[in-house]
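All residue numbers refer to positions in the sequence shown, counting from 1. Reckoned from all heavy atoms, side chains included, excluding hydrogens, waters and symmetry mates. All ligand and atom numbering here is 1-based and tracks the order in the structure.
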Amino acid sequence: MGDQTAPIVIVGAGHAGGAAAALLRQYGWRGPITLIGAEPHLPYQRPPLSKAWLKGETVAASLLLRPVSFYAANAIDLILSQRATHIDRAARCVVLQSGARIAWHRLILALGSTVRTLDLPGITLGGVLTLRDIANAEALKAALRPGARLAVIGGGYIGLEVAASARALGADVVVLEREDRLLARVASPPLAAFFRQHHAQRGVNVQTGAHIESLEGKHGTISGVRVADGRLCACDVALIGVGAAANDSLARDAGLECDGGILVDHATHTSDPAIYAVGDCTRRPLGTMRMRLESVPNALEMAKQAAADICGRPPPAPEVPWFWSDQYEIRLQIAGLRDGAVECVTRGDPRTASFAIWHLAGDGTVLSVEAVNAPADFMAAKALIAGRRRVMPAALADPSRSLRELAA
Ligand code: FAD
C-alpha cells in the first residue's frame, strides 16, 4: 500500500487488536496508530482467567500482553475505557461514547465476543456469574472459597476449566449440561467421555441431559439450580458457561456484511475494503467453509493477515487452526477441523491420560487431532494436516510405529 503515514484506528484492545497494533509497527507502518478499548485494561490474555490466574498461580500483571512502555515506545495511542458507538464510513471516522470522532484511513475491528446468557427465572440473582473479562474473573475468584458450592451451567471448555480450577481451590462443583455429553459442539465423543470420567474422578458431579428450569434464590442471592426433573442442586454461586456470540453490531449498523460474525475474506477485509475485522468477532473463510473461531491462535493469525495486507506485504502462510485447554494436570491440544472425518483412531491409552485421537477422511487424509498430554502427536498431526498428508490407520494405532514414519 502506498501511503504508510496515514492513520490507522483499531477498535477493540483485546488479543487480536493488541497484536494488530504491534504487528503494524513491526511491518513498518509509520503513520499514527490508535487502539480503542472499552475495558480499562491494556490488552491482556483471557485464557488464564479460567486457569492459572483463577487458581492464584499467576499474578494480574502477567496477564498483560505487553507492558505499558511498549505502547509509548512504539507510538501506539491508547484510548481505554471508551466504547466506539458508531462508524461513519462516508467521513472515515469512528465515533466514541464521549462524542469524540477519530479519523482513519484504514480501520480494524477487533471487537471480540460477548457471553451468551439464559432466559431463566432467577438469572439476575446475585451470585449468578459469567466469565469473559478481568472484572468477571475477579467476582468468580472471590466466590470460590474452600467449601463453596459452585454450579457450572454448560459443559464447554470454559465451564470445565473453571470446574477444575474450583476443585483445586477446594470448592464443591456440579456441572449441568443440557446435551447428552460434555463438549458436544467442540470435541469428539471419545474425548468428551475421557473428560467426563476425569472430572468425576476429581470429585466433580457431572450431570448431562440436565435441562434447567429456574435459578432459585434467598435474599436476592442464588441458592440452587432447579432441573426440569424437579431436582434442586443447591449452590452458593453459579457460572453460566453456554458460549459466546460475535460482537458484530457496530459493523452491522454501519452496513457491513455480517452473518453471526463480521464476514471477511482471506485478507480479513470486510465488505468495505478500507475496513478489516479480526478475531472472535469475525466469520472467516476456512477451506470451502466460513467459520467463526474463538481462539488465541486465530486472533493472532488474523491480526497478522490484516497487518500484512495494510502494509502491502505478501499474505502470511495459512495456518492450521488450533486450540488448547488446561484442566487439572491435563493439557489438551486440538489441531484442524473434524468436519468430513469418517474414521477416528486412538493412539495411546486414555487410562494413562496421555493419548491422541486422530480424525481421518475416507482416503486416510489427516483432518484433525485431539491430543491429551501428547505434544508429539499434536505437532506431527499439525504438519500432516498442513501438508494434506495421508496415514494408514493400522500403523497409526500401533504405538510401536514412530510418528515420523507414518505418512503413507
Ligand atoms: P477479545 O480478546 O475479547 O477482545 C475484544 C475487545 O474489544 C474487548 O476488550 C472488548 O471490551 C472490546 N470491545 C468490544 N466492543 C467494543 C467497542 N464498541 N468499542 C471499544 N472496545 C470494544 N482461547 C484459546 O485459544 N485457548 C484457551 O485456553 C482459551 N481460554 C479462554 C478462557 C476464557 C475465560 C476466555 C474468556 C477465553 C478463552 N479463550 C481461549 C478465547 C480467547 O481468549 C479469545 O479467542 C481471544 O481473546 C479473542 O481475541 P479478540 O481480540 O478477538 O477478542
Side-chain angles (χ1 to χ4, degrees), residues 9-21 34-54 63 65 78-87 94-98 100 102 107-116 129-138 140-141 152 154 156-162 164-165 186 239 241 243-254 261-262 264 268 276-284 292-303 306 321-327 330-335:
V9 169
I10 303 169
V11 182
H15 224 118
T34 305
L35 185 55
I36 299 164
E39 292 183 67
H41 311 287
L42 294 173
Y44 63 90
Q45 316 171 58
R46 292 174 204 278
L49 298 181
S50 51
K51 315 177 184 77
W53 182 86
L54 189 58
L63 296 176
L65 289 170
L78 290 164
I79 303 180
L80 300 178
S81 302
Q82 272 293 317
R83 186 166 283 283
T85 54
H86 178 65
I87 301 168
V94 161
V95 184
L96 305 188
Q97 65 190 90
S98 64
I102 317 282
L107 174 66
I108 301 179
L109 301 176
L111 305 166
S113 45
T114 300
V115 284
R116 291 182 200 279
L129 307 177
T130 54
L131 180 55
R132 179 72 199 173
D133 59 26
I134 286 183
N136 305 149
E138 279 170 348
L140 179 62
K141 195 171 188 172
V152 175
Y157 285 116
I158 289 181
L160 294 182
E161 288 174 358
V162 169
S165 299
V186 287
L239 178 79
N247 287 334
D248 60 6
S249 59
L250 190 67
R252 212 168 341 107
D253 293 348
I262 307 169
V264 294
T268 77
Y276 296 72
V278 295
D280 279 19
C281 66
T282 65
R283 189 174 283 278
R284 57 173 287 191
R292 209 180 137 251
L293 300 180
E294 293 177 73
S295 73
V296 165
N298 174 62
L300 297 178
E301 183 188 13
M302 295 188 80
W322 69 277
F323 177 82
W324 82 93
S325 172
D326 295 331
Q327 298 168 41
I330 290 168
R331 165 144 294 200
L332 167 71
Q333 294 166 296
I334 297 181

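Distances from atom 25 (O) of ligand 1 to the heavy atoms of Ile158, Leu300, Val296 show the closest one on Val296. Among Arg132, Gln333, His15, the residue whose heavy atom sits closest to atom 3 (O) of ligand 1 is Arg132. Across Gly17, Gly159, Ala38, Ala19, heavy-atom proximity to atom 22 (C) of ligand 1 is greatest for Ala38. The heavy atom nearest to atom 8 (C) of ligand 1, out of those in Arg46, Gln327, Arg83, is found in Arg46.
Looking only at protein heavy atoms, the nearest one to atom 53 (O) of ligand 1 is Gly112 CA, 3.3 Å. From the protein, the heavy atom lying nearest to atom 48 (C) of ligand 1 is Asp280 OD1, 3.1 Å. Of the protein's non-hydrogen atoms, Pro47 CG, 3.8 Å is the one closest to atom 40 (C) of ligand 1. Scanning the protein for heavy atoms near atom 13 (N) of ligand 1, the closest one is Leu111 O, 3.9 Å. At the top of the distance list for atom 4 (O) of ligand 1, counting protein heavy atoms only, stands Gly14 CA, 3.3 Å. Of all protein heavy atoms, the one lying nearest to atom 18 (N) of ligand 1 is Ala84 O, 3.0 Å. Nearest to atom 7 (O) of ligand 1 among the protein's heavy atoms is Gly12 CA, 3.2 Å. For atom 9 (O) of ligand 1, the closest non-hydrogen atom of the protein is Glu39 OE2, 2.7 Å.
Side-chain contact between Arg46 and Trp53 is absent, with no heavy atoms from C-beta onward closer than 4.5 Å. Side-chain contact check for Val115 versus Ile158: every heavy-atom pair is 4.5 Å or farther apart.
Summarising the geometry of Leu109 relative to Cys281, their closest heavy-atom pair is O-SG, 3.8 Å, with the distance given to 0.1 Å. For Phe323 against Ser295, the heavy-atom pair with the smallest separation is CD1-CB, 3.8 Å. Considering all non-hydrogen atoms of both residues, Pro43 and Leu35 come closest at CG-CD2, 3.9 Å. Between Val11 and Ala84, the closest heavy-atom pair is CG1-CB, 3.6 Å.
Distance alone, capped at 3.5 Å, is enough to place a donor-acceptor pair between the Ser165 side chain and the Ser50 backbone. Asp248 contributes a side-chain N or O that, together with a main-chain N or O of Gly261, makes up a donor-acceptor pair within less than 3.5 Å. At least one donor-acceptor pair closer than 3.5 Å links the side chain of Gln97 to the backbone N or O of Arg83. Judged by distance alone, with hydrogens and angles left aside, the side-chain atoms of Thr268 form no donor-acceptor pair with the main-chain N or O of Tyr276 at under 3.5 Å.
In this structure, the ring pair (Phe, Tyr, Trp, His ring centres under 6.0 Å) partners of His41, at least two apart in sequence or on a different chain, are Tyr44. When the side-chain contact (heavy atoms from CB on, under 4.5 Å) test is applied to Lys51, the partners found at least two apart in sequence or on another chain are Pro47, Glu161, Trp324, Asp326.
Residue Pro297 approaches ligand 1 through these ligand atoms, each under 4.0 Å from one of its heavy atoms: 25 (O). The contact set between ligand 1 and Leu131, taken as ligand atoms under 4.0 Å from a residue heavy atom, comprises 34 (C), 36 (C). Every atom of ligand 1 with a heavy atom of Val11 under 4.0 Å away is listed here by number and element: 17 (C), 19 (N), 20 (C). Of all the atoms in ligand 1, the ones that sit under 4.0 Å from a non-hydrogen atom of Ser50 are 32 (C), 34 (C). Distances below 4.0 Å separate heavy atoms of Ala110 from the following atoms of ligand 1: 5 (C), 6 (C), 7 (O). When each atom of ligand 1 is checked for a heavy atom of Gly279 under 4.0 Å away, the hits are 52 (O). Residue Glu294 has at least one heavy-atom neighbour below 4.0 Å for each of these atoms of ligand 1: 45 (O).
The pair Arg116-Glu294 does not count as a salt bridge, with every side-chain nitrogen at least 4.0 angstrom from each carboxylate oxygen.
Ser113 and Arg132 share a donor-acceptor pair across their side chains, judged by distance under 3.5 Å alone.
Taking any N or O of Ser113, backbone or side chain, none lies under 3.5 Å from an N or O belonging to ligand 1. Of the polar atoms of Gly37, none of the N or O atoms is found under 3.5 Å from an N or O of ligand 1, judged by distance alone.
Taking a 4.0 Å cut-off on heavy atoms, Lys51 registers as neighbouring ligand 1. Look at Gln82 and you'll find a heavy atom under 4.0 Å from some atom of ligand 1.
Contact annotation for Trp324 and ligand 1: heavy atoms of both the backbone and the side chain come within less than 4.0 Å of the ligand.
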